[in-house]
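FYI, side chains are in, hydrogens and waters are out, and symmetry mates aren't considered; it's all heavy atoms of this structure.
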Amino acid sequence: MALTTPVLHTARLRLRPFAADDADVLFALHSNTRVMRFWDSPPWTDRARGELFVARSGRMAEEGTGARVAIERSADGAFVGWCFLGERNADFRSASMGYCLEEAMWGHGYATEAAHALLRWGFDTLDLNRVQAEADTRNAASARVLEKIGFVREGTLREDCVVNGDVSDTWVYGLLRREWRPAPAPVPSR
């Protein structure tokens, strides 16, 4: 069953479906070694990966397995990054959540704000009961974001990733509907 990828507005952000012309900003984001430092894959080296990412985002919605949305600043339309609710299982009412932001956008609360909006959509529209997220144990900033929005650290996957020869552990977080404390409702799209 296809999902309608949401357009959500927060006080400072607009979350929207990806467009073909987002491929370049996605390539710039995912080719940044500092941004990709804690990811489970190396930085991109081929611009075509951005086009593939946009296409896969559309297929995700068509297949009903989730929504991956671009985040842009409302004030000036600047690309902030992206976030997703994916690996959706309608039978279990569960999904996974993640986000990736431009390095210049770190530390401004954008990840927290975007994640709140997407979680509200997931719990209210998709009727999710559980959302899971993961963070590299070296990525304290991402762990803080997850904990600020109510995720509980449930465990550690030991040495579960090896990227460019670098072995890392991953924290697993969960957020249940009954524990969810939503931020103010997003402004409806215009």
Side-chain angles (χ1 to χ4, degrees), residues 10 13 15 18 22-23 25-47 49-50 52-54 56-57 60 65-72 79-89 92 94-123 128-176 179-181 183:
T10 70
L13 304 173
L15 285 67
F18 281 103
D22 290 321
V25 291
L26 285 165
F27 176 69
L29 173 68
H30 284 267
S31 62
N32 181 323
T33 57
R34 286 184 38 87
V35 169
M36 299 302 289
R37 178 173 176 219
F38 299 122
W39 280 79
D40 58 1
S41 61
W44 293 355
T45 57
D46 180 8
R47 187 204 172 280
R49 294 281 303 266
L52 184 60
F53 186 96
V54 170
R56 284 185 178 157
S57 297
M60 182 186 289
T65 58
R68 191 159 39 191
V69 294
I71 307 167
E72 58 188 22
F79 180 76
V80 173
W82 60 268
C83 60
F84 83 100
L85 277 176
E87 302 169 17
R88 178 175 170 249
N89 184 316
F92 296 157
S94 65
S96 294
M97 190 188 116
Y99 41 82
C100 185
L101 273 65
E102 288 279 355
E103 186 175 2
M105 302 296 178
W106 295 351
H108 298 282
Y110 295 139
T112 303
E113 194 171 322
H116 262 292
L118 201 55
L119 285 167
R120 178 185 287 278
W121 176 76
F123 285 122
L128 294 176
N129 183 61
R130 175 184 167 78
V131 177
Q132 183 169 307
E134 296 180 357
D136 186 298
T137 58
R138 301 166 297 171
N139 192 346
S142 189
R144 277 193 305 276
V145 167
L146 293 170
E147 291 166 4
K148 273 196 286 189
I149 55 182
F151 279 84
V152 173
R153 188 182 311 164
E154 298 178 332
T156 304
L157 302 175
R158 298 177 310 139
E159 296 186 11
D160 71 318
C161 288
V162 181
V163 178
N164 293 330
D166 194 13
V167 178
S168 64
D169 299 338
T170 300
W171 284 320
V172 177
Y173 286 85
L175 178 61
L176 305 178
E179 299 168 339
W180 167 240
R181 290 179 185 45

Set of side-chain hydrogen bond (donor to acceptor under 3.5 Å, both in side chains) partners for Asp169, sequence neighbours left out: none
What are the two closest non-hydrogen atoms of [X] and [Y], and how far apart are they?
| X | Y | answer |
| --- | --- | --- |
| Phe18 | Val69 | CE1-C, 3.7 Å |
| Leu101 | Trp82 | CD1-O, 4.5 Å |
| Gly86 | Met60 | CA-SD, 4.5 Å |
| Leu118 | Leu85 | O-CD1, 3.4 Å |
| Leu13 | Ala114 | CD1-N, 3.9 Å |
| Trp171 | Thr156 | CD1-OG1, 3.3 Å |

For the backbone of Leu128 and the side chain of Arg130, can you confirm whether one donor and one acceptor N or O come within less than 3.5 Å of each other? no
Judged by atom type as modelled, is there a donor-acceptor pair below 3.5 Å linking the side chain of Tyr99 to the main-chain atoms of Thr112? no
Working to the nearest 0.5 angstrom, can you tell me the gap between [X] [atom1] and [Y] [atom2]?
| X | Y | atom1 | atom2 | value |
| --- | --- | --- | --- | --- |
| His30 | Ser41 | NE2 | OG | 8.0 Å |
| Trp39 | Ser168 | CH2 | OG | 13.0 Å |
| Asn129 | Asn89 | CG | CG | 11.5 Å |
| Leu15 | Cys83 | CG | SG | 4.5 Å |
| Glu113 | Ile71 | CD | CD1 | 9.5 Å |
| Ser94 | Leu176 | OG | CG | 11.0 Å |

Distance alone, cut at 3.5 Å: any donor-acceptor contact between the side chains of Thr170 and Glu134? no
Between Phe53 and Asp22, does a side chain to side chain contact (heavy atoms under 4.5 Å, CB included) hold up when you go through it step by step? CA-CA 9 Å; Phe53 186 96; Asp22 290 321; over 6 Å; no
Just checking Arg56: does its CZ atom have more than 12 heavy atoms from other residues, nucleotides or ligands closer to it than 6.0 angstrom? no
Is the number of heavy atoms from other residues, nucleotides or ligands under 6.0 Å of Glu154 CD greater than 12? yes
Dump the intermediate steps for side chain to side chain contact (heavy atoms under 4.5 Å, CB included) on Trp106 and Val35, then the final yes or no. CA-CA 10 Å; Trp106 295 351; Val35 169; 3.9 Å; yes
Side-chain donor-acceptor distances from residues 144-151 under 3.5 Å, at least two apart:
{"unit_1": "Glu147", "atom_1": "OE2", "unit_2": "Arg153", "atom_2": "NH2", "d": "3.4"}
{"unit_1": "Glu147", "atom_1": "OE2", "unit_2": "Tyr173", "atom_2": "OH", "d": "2.9"}

Are Glu179 and Val152 close enough that some pair of their side-chain heavy atoms sits under 4.5 Å apart? yes
Do Phe79 and Met105 have side chains that approach each other closer than 4.5 Å (heavy atoms only, starting at C-beta)? no
Just do the side chain to side chain contact (heavy atoms under 4.5 Å, CB included) check on Tyr110 and Glu72 with the steps written out, would you? CA-CA 9 Å; Tyr110 295 139; Glu72 58 188 22; over 6 Å; no
Restricting to ring-ring contact (aromatic ring centres under 6.0 Å, His included), what partner residues turn up for Phe38, sequence neighbours left out? none
Do Cys100 and Leu29 pass the side chain to side chain contact (heavy atoms under 4.5 Å, CB included) test, and can you show the C-alpha distance, the side-chain angles, and the key distance before you say yes or no? CA-CA 8 Å; Cys100 185; Leu29 173 68; 3.8 Å; yes
